[in-house]
Colleague: 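What follows is a single structure, and I will ask about it in a moment.
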Amino acid sequence: MMSERERLLKKLSGAQFAAHEMQLYLDTHKNDTAALKSMQEYQRQAAEFHREYEERFGPLSPRDLYGDTDFNWLNAPWPWENESEARK
């Protein structure tokens with residue numbers, strides 16, 4: 001028997017898959033407004049399932065956990081850029 005967590009993950013992955021497939025379809029059928037609406041609905045569903053999962057079971061990825069997608073640590077000096085480190 002599938003748990004609530006597994007059931008929600010299945011719904012999320014299904015909505016994400018369908019949204020991605022619709023996006024690929026739209027790459028070659030850009031004027032299909034029905035497909036565009038379907039893709040947007042699948043994206044909305046995926047976002048809702050993602051939000052619900054996080055509320056009930058916690059983050060799904062490190063990005064969800066930290067929320068920092070700017071990679072600010074890359075702006076800090078690297079060890080070899082610090083004079084004190086370079087002398088070691």
Colleague: Answer yes or no: does atom OH of Y42 have more than 12 heavy-atom neighbours from other residues, nucleotides or ligands under 6.0 Å?
Modeller: no
Colleague: For Y53 and R5, which heavy atoms make the closest approach, and how far apart are they?
Modeller: OH-NE, 2.9 Å
Colleague: Between the side chains of E41 and K37, is the shortest nitrogen-to-carboxylate-oxygen separation below 4.0 Å, so that they form an ion pair?
Modeller: no
Colleague: Within a 6.0 Å radius of atom CZ on F17, are there more than 12 heavy atoms belonging to other residues, nucleotides or ligands?
Modeller: no
Colleague: Can you see which heavy atom on A46 is nearest to which on L12, and at what distance?
Modeller: O-CD1, 3.3 Å
Colleague: Step by step, would you call L9 with L60 a side chain to side chain contact (heavy atoms under 4.5 Å, CB included)?
Modeller: CA-CA 10 Å; L9 277 174; L60 281 163; 3.7 Å; yes
Colleague: Salt bridge or not between E4 and R7? Use side-chain N to carboxylate O under 4.0 Å.
Modeller: yes
Colleague: Would you name the heavy atoms of M39 and A19 that are closest together and state the gap between them?
Modeller: CG-O, 3.6 Å
Colleague: I'd like to know if the side chain of H20 reaches the main chain of Q16, judged simply by a donor and an acceptor atom lying under 3.5 Å from each other, with no hydrogens or angles considered.
Modeller: no
Colleague: Between E52 and R56, does any NZ, NE, NH1 or NH2 come within less than 4.0 Å of an OD or OE carboxylate oxygen?
Modeller: yes
Colleague: Just verifying a value: how many Å separate E55 CD and L8 CG, rounded to the nearest 0.5 Å?
Modeller: 10.5 Å
Colleague: At what distance, to the nearest 0.5 angstrom, does CD of Q43 lie from CE of M22?
Modeller: 10.5 Å
